[in-house]
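Report on one structure; see the data block that follows.
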Amino acid sequence: MSAPDAPSQTASLPPTYAPHAVEPDIARRWAQSDAFHAEPGPALAGDRQPFTICIPPPNVTAALHLGHALNNTLQDVLTRYHRMRGDNTCWLPGTDHAGIATQTVVDKRLKQQGDKSLIDYKRDAAEGKPGREQFIEKVQAWKDEYEQRITDQLKAMGCSCDYDRQAFTMDAPRARAVREGFFRLFKDGLIYRGKRLVNWDPVSQTALADDEVESKDVDGQFYYMNYPLCDEQGELTGGHVTVATTRPETMLGDTAVAVNPRDPERAKHIGQFVRLPIVGRVIPIIGDDYVVIPDPDSDDAKAKMASGFLKVTPAHDTNDWEIGQRHNLAAINVMAPDATISREHGWIDIEDCDCEAVEPLLGLSREDARKAIVRWFRENDLLADQKPYRHAVGHSYRSHVPVEPYLSDQWYVKVTDDRLAGAALRAMAPDQRTEGTATTWTDTHPHAANATGDWEGELRFHPPRYAKTFQAWHENIRDWCISRQLWWGHRIPVWRREVPTDGPPAALEAMIEELLEWNRQGRIAMQYRGEVVPLAISERDQLDLTAFFICVRDPEQDAEIVEKLEAWGLTRDPDVLDTWFSSGLWPLSTMGWPEATPELQAWNPTSVLCTAREIITLWVSRMVMFNHYFTGDDGLAQRPEGGAANGQQRLPFRDVFIHAMIQDGHGQKMSKSLGNGVDPFDIIDSHGADAMRYTLTSMTTHTQDVRMPVDMIDPHTGETFTPKFVTASGGYKVAAPTQDHHGKSMVSSFGVASGRATPSDDAPLARNTSEKFDLGRNFANKVWNAFRFGLDLLDRDAVEQAGPDPELDMASAWILSRLGRTIRACDDALNRYEFAAYATTVYDFFWRDLCDWYIEAIKPTVKDDASQQRALAACLDASLRILHPAMPFITERLWSALDEAVGDVSVRGLKLHPWPMLCEASWPVTDGSLLDEQAESDWELLQRIVTAIREVRAAHNVPPKRIVQVSSQAPSDVARSVMTRRRFAETLAGYEGREFGPNIEPPPGAASTVVGEATIYLHDLLDPDTERKRLDKRKDELAKSIAALEKRLSNKGYTDKAPPHLVQQTRDELDAKQRELAAVGEQLTALAAG
RNA sequence: GGGCGAUUAACUCAGCGGCUAGAGUGCUUCCCUUACAAGGAAGAGGUCGCAGGUUCGAAUCCUGCAUCGCCCACCA
């Protein structure tokens, strides 16, 4: 027993949990302890399983929002769980440079501030000044700022990353990996230069990947334009054909008109010619079955609108490009990179054109050119018709302008090669691969699994449905354009000569010799006319130096080569690599690849990738292909548990967990670009980090989306209110930029993000919050107070004396049994990535079982009962351990309080080794001996009795403090069993037991209730009206369920076919209900009589 | 157009062949019972989107429809 003057444990714990007073302190302790740092060395490897996660590196464009908070919370739950399990655990943090996104954001900011922006730096660079370097410095400064913000956010959320290993996709080690990766693919012929139509963003003037194009519905017009028929020489022959288009401006680049050869009316025109209006170009009418045959009655909008004649513009439309390829048509580009009409960028026959008509169009924007051309057609009586048409148009996901299909030279990765896409498909767990789709590889397809079947796929998606997305992507994959016309990124390590050499042949010879020598040394790789150059070149006389591409393996290190190349007049490709090229290498580059590091050996493959579904194709796919391709020959011994069976190639991870996307209260995706993102700091401020984490964990089921209605906090008063919403561009609902609440103004985070409002002293920025996090906050407070109380009850000496195997009363046996089940359920849930199940399991155990029942039951006795104290201590200790992954701060704080109060509180069947810091303490392991089914069923009966008595008390408005007298009429064995548990039941239901037995007469003036075979009387309570109402209601309920049960049993199909134990259960239940109904009926009769 | 998912209490979500369909928030009544009012006890509230089917038995499986969301494809 604690001495009367001993300082109370609760003295240091205030009655309401204040996260802000606890979290910074705990974060500091973790940082100082080095607890999150991991080493892969063989000494540690031993029998410990590795557990590694690479963070999906957030973009440095902006701070993290709740979607990231969710993503990182789940990773931290897994990381902390495995660390406690004793695994060699490393969670590797980092950020992504996010090429186009960051460059755009910084440029926008510079413009907003009125500073020199990208366009100015580009001008400087064109004049030979260091514009590129200076602009990159600006972006670098932005990156430094946001990388720091992001890291601060992660730490504030309690993420137990190994911050010593923090990586950035553009820092030196990652850059090294990118250069090496590029070099190997280049050398192996998997990178090539191609002339293709790319998705061109005329604003940022860069090519976009297919994934960076987002489709938006646009209200447009269908224009029907007449092209006059002519002969091959261009002499008009009378008549015309009518082409239909939504993009009249591209007609300047038309090189054919196509009709479907099966079109009965129009096929006859194939082989004829038209003279292109304005331009005067004579172009053929060709047959191609891509063309839709018009059908005014069709449901298909296109067939309805089509004229049957398709203008073909290979340089400005992807489908037309393909038609052009089939029919050998010229591709005439009529636009400049900024999408204005231009004669300078591939308008090869401009000299033959009708200058007078074309001249006014030059320099016009796409939009203006469209108007001008439509006007011209109208004025010249060639516009046959015009109809409104709503259709999808690809937009740049950054600048939001329509994407222009644009002909240019780009670098590609040949992901269609079997060594990449095929390998990714074969990496899939066989049971997650679906066969039978039209595009599934057949045995003869190069992507088919090899006949020997020595590759056992093991890439597994959770939930499994996402495997389909992954598979479909790879089955329909197209080569990956990796060059971007940006400055912010990894510069492509390829040199070439723009103009043919004019040096003497001897010098050329010497140069070639030197290149070949470097090639032999593996310092460069060369491609010539698209072919990887072998070690010897024939036909040197005819070499075209400008057709050489020289990839320098490591230009940062190999200065000698770079100097020579530039002395020879070769220049480096100005483009940079697609962001996903470096993030695709992430599980390799963060582990030190291409060196054969211990990290790579121990931690690649990583254990699980935790991400949202939107980047299954963008990112997951590329990591799988790269990791697999590059680990074939890295000289690392194969881990017994890890990686592939085929050679030594490895996956980047074997599990992919795809979590939900957080939507706002209107069902819109939470995103930075929309401006509806919520800063985790806001939630940490309003609810605390643990509350946020717990709630996010409990929201994570295997569904696709979760909705999060967002409220606002008035910075003037601290009140929470629902903001006013407005409809922003694109039809999205967002909080209005400025808000009023009780007559005072404030600025919403959307206002700031969109630049439409600036916070001031009078109108400060309003933080966001959401009442969804009350769940976590209330739970944290409950945990806090349970410990405040529990720690006060525990006496160190008593707990120690009780020992690990004390005599347990029913309550203690029950709660330990529940604890055992809870621990197992947590393990099951976490191993299956069922985060919500884990969260509710610990919640129910702690709040419902431990607080509501056990602690309440032992209140009167625990001060003098050492075994109850031992059981309580074990529950509290184990609870902290199993709660810790979800709520690390509060549990770490309480852990030190518990440590002050008691020592080792292990009990039989449950080892709870003390440890200074909870984050490194062991996860509780139970061997099953904690389970006590007898105690569980006994306690369940007790709960029914207590609840029944409470119900009667509540109906009769009995104040909690009033102790009522209770007696019970029951068969003697039941009565005896009730007597043995009366101590706990009396405490919990607030009564004093009188007589229990088979021959008890109903006391006069008593209310009654029925539990099983016992009728319980609560003395001196009777209010006949209340009682009658209660009993009538109960009678109705019973009658209803009896009817249902009887109906079920009267169904012969049920009694014949259902499992016998179920039938028996139904019979028993019916029996019990009928008995209770009889008892209730007796009470009602007595009431009526009395 | 192809694919994936959702539709269950006022709100946000669990449950995914057999408990009287659950939780958190909100609501009602009583209680500031010295752990916690961010709490305790009790309670109200649901023909599980609609229509068929399979089954002894369907919120749960199948088919169709409707509505909403996401991904992929698509500027005639």
Side-chain angles (χ1 to χ4, degrees), chain A residues 10 13 15-17 210-211 215 218 220 222-224 243-247 250 258 291-292 300 302 305-313 316-320 389 391-394 402-405 465-466 468-469 472-473 476 613-614 616-617 661 663 665 667-669 687 691 695 698-699 701 703-709 770-772 774-793 836-837 840 843-844 851-852 855-856 859 947 950-951 953-955 957-961 990 1037 1040-1041 1044 1048 1051-1059 1062 1065-1066 1069:
Chain A
T10 58
L13 304 179
T16 300
Y17 175 56
D210 290 346
D211 334 288
S215 182
V218 166
F222 232 115
Y223 299 94
Y224 296 82
V243 299
T245 179
T246 57
R247 297 206 58 201
T250 63
V291 181
V292 174
D300 178 38
K302 213 174 257 179
M305 305 293 278
S307 71
F309 293 99
L310 175 67
K311 64 192 262 328
V312 181
T313 325
H316 292 282
D317 182 285
T318 40
N319 291 311
D320 292 6
Y389 183 58
H391 61 128
V393 177
V403 165
E404 185 65 43
R465 73 182 109 98
Y466 292 112
K468 209 168 171 180
T469 310
W473 165 262
N476 300 299
R613 67 180 176 284
E614 54 187 349
I616 290 174
T617 51
M661 232 134 74
Q663 303 179 336
Q668 307 165 140
K669 173 175 151 184
H687 286 80
T695 303
S698 72
M699 280 166 38
T701 59
T703 188
Q704 267 190 186
D705 307 297
V706 283
R707 213 174 265 221
M708 170 87 63
S770 172
E771 65 173 22
K772 287 213 78 167
D774 292 356
L775 168 68
R777 187 247 264 138
N778 295 354
F779 186 39
N781 194 238
K782 188 70 183 181
V783 172
W784 184 257
N785 276 288
F787 272 81
R788 255 172 22 100
F789 184 63
L791 293 175
D792 218 20
L793 297 172
T840 44
Y843 184 98
D844 288 341
C851 294
D852 289 352
I855 291 180
E856 292 302 328
K859 260 183 185 173
T947 305
R950 282 172 174 174
E951 215 175 295
R953 294 181 58 125
N957 275 328
V958 182
K961 268 190 226 168
E1037 283 171 4
K1040 233 172 157 181
S1041 50
R1048 199 182 302 169
N1051 181 347
K1052 204 164 169 332
Y1054 178 68
T1055 47
D1056 287 355
K1057 295 192 185 172
L1062 270 175
Q1065 198 177 300
T1066 311
E1069 207 179 313

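Below, chain A is the first sequence line, B the second, and so on; all start at residue 1.
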What is the distance, to the nearest angstrom, from the [atom1] atom on [X] to the [atom2] atom on [N]?
| X | N | atom1 | atom2 | answer |
| --- | --- | --- | --- | --- |
| A:R465 | B:rC70 | CZ | C1' | 11 Å |
| A:K1052 | B:rG57 | NZ | C1' | 16 Å |
| A:N1051 | B:rA58 | CG | C1' | 15 Å |
| A:M661 | B:rC68 | CE | P | 18 Å |
| A:M699 | B:rA14 | CE | C1' | 13 Å |
| A:L13 | B:rA38 | CG | C1' | 16 Å |
| A:M708 | B:rA6 | CE | P | 19 Å |
| A:W473 | B:rC72 | CH2 | C1' | 9 Å |

[Y] side chain reached by [X] side chain, heavy atoms, under 4.5 Å:
| X | Y | answer |
| --- | --- | --- |
| A:L791 | A:L13 | yes |
| A:H687 | A:L775 | no |
| A:R247 | A:E404 | yes |
| A:L1062 | A:Y1054 | yes |

Between [N] and [M], how far apart are the two [atom1] atoms, rounded to whole Å?
| N | M | atom1 | result |
| --- | --- | --- | --- |
| B:rC48 | B:rU8 | P | 11 Å |
| B:rA9 | B:rG2 | P | 31 Å |
| B:rU63 | B:rG22 | C1' | 29 Å |

Between [options], which nucleotide has the shortest distance from any of its atoms to the side chain of [X]?
| X | options | value |
| --- | --- | --- |
| A:D317 | B:rA76, B:rC56, B:rA35 | B:rA76 |
| A:L775 | B:rC4, B:rA76, B:rG24 | B:rG24 |
| A:V291 | B:rA76, B:rA38, B:rA41 | B:rA76 |
| A:R950 | B:rA76, B:rC74, B:rA42 | B:rA42 |
| A:D705 | B:rG24, B:rU12, B:rG69 | B:rG69 |
| A:E951 | B:rA42, B:rG3, B:rC31 | B:rA42 |
| A:T703 | B:rA14, B:rC36, B:rC75 | B:rA14 |
| A:E1069 | B:rU20, B:rU33, B:rG18 | B:rU20 |
| A:C851 | B:rA76, B:rU33, B:rA35 | B:rA35 |
| A:K859 | B:rC36, B:rC56, B:rA35 | B:rA35 |

Under 4.0 Å between a side-chain N or O of [X] and OP1 or OP2 of [N]?
| X | N | value |
| --- | --- | --- |
| A:S1041 | B:rU20 | no |
| A:T318 | B:rC75 | yes |
| A:N781 | B:rG39 | no |
| A:N319 | B:rA76 | no |
| A:N778 | B:rU25 | yes |

In short, A:A836 meets A:S698 closest at the heavy-atom pair CB-O, 3.3 Å

On a heavy-atom basis, the closest approach of A:K311 and A:T250 is NZ-OG1, 2.7 Å

With a 3.5 Å limit on both atom pairs, tell me what [N] is paired to, counting Watson-Crick and G-U wobble, or say none.
| N | result |
| --- | --- |
| B:rC70 | B:rG3 |
| B:rG49 | B:rC65 |
| B:rC30 | B:rG40 |
| B:rU12 | B:rA23 |
| B:rA58 | none |

Less than 3.5 Å between a donor and an acceptor, one on the side chain of A:K782 and one on the base of B:rC36, is that the case here?
yes

Check your understanding: Side chain of A:E856, base of B:rA35: donor and acceptor closer than 3.5 Å?
Key -> yes

Looking for any heavy atom pair under 4.0 Å, which part of the strands does [X] touch: base, sugar-phosphate only, or nothing?
| X | answer |
| --- | --- |
| A:Y223 | nothing |
| A:T250 | nothing |
| A:T701 | sugar-phosphate |
| A:A836 | nothing |
| A:V243 | nothing |
| A:T16 | base |
| A:R953 | nothing |
| A:R707 | sugar-phosphate |
| A:Q663 | sugar-phosphate |

Self-check item: No-hydrogen, no-angle side-chain donor-acceptor test under 3.5 Å, A:N785 and A:R788
Solution: yes

Note to self: Using a 6.0 Å distance limit plus a 45 degree cone around the ring axis, check whether A:K859 lies over the aromatic ring of A:F789.
What the structure shows: yes

Whichever of A:P959 and A:D844 has the more 5' nearest nucleotide on RNA chain B, that residue is A:D844

Between A:K311 and A:T840, the residue closer to the 5' end of RNA chain B by nearest nucleotide is A:T840

- Looking only at atom types and distance, does a side-chain atom of A:T245 sit under 3.5 Å from a main-chain N or O of A:Y223, one as donor and one as acceptor? no

